[in-house]
Student: 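One structure is given below, represented as structure tokens, and several questions about it will come after.
If you read the sequence from its start, that first residue is 1, and numbering goes on from there.
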Amino acid sequence: MSSNLWEISNYGKTKHRTKVEFTPELRAMLVRTVNEMHQYWDRKYTPKVKPTEKCKSCSLRNICLPSLLKTETVDEYLRRRLDD
């Protein structure tokens with residue numbers, strides 16, 4: 001397998017892979033995304049997201065942060081969970 005060709009498993013599908021060419025543009029987008037996530041982590045920031053129809057079938061639906069952010073801050077959530 002070429003270092004520029006990756007096989008990606010499709011979520012929810014059994015033994016089905018899609019070949020993706022790992023181009024310089026894709027690599028640059030990945031580096032930007034990872035750097036952005038590191039900046040969020042360093043600032044202890046959780047970006048707010050808009051729930052979509054996809055959320056209804058998500059396995060994390062019951063513990064998802066968008067739902068938590070409507071009712072309490074992350075600090076409040078952590079304090080409540082640590083008190084349990």
Student: So how far is it from Glu36 CD to Thr33 OG1, rounded to the nearest 0.5 Å?
Tutor: 6.5 Å
Student: Would you say Tyr40 and Val34 are hydrophobically clustered, going by side-chain heavy atoms of ILVMFWY under 4.5 Å?
Tutor: no
Student: For the CZ atom on Arg43, are there more than 12 heavy atoms of other groups (residues, nucleotides or ligands in this structure) within a distance under 6.0 Å?
Tutor: yes
Student: Would you kindly confirm whether Met37 and Val31 end up in one hydrophobic cluster when ILVMFWY residues are joined by side chain heavy atoms under 4.5 Å apart?
Tutor: no
Student: Between the side chains of Asp83 and Arg79, is the shortest nitrogen-to-carboxylate-oxygen separation below 4.0 Å, so that they form an ion pair?
Tutor: no
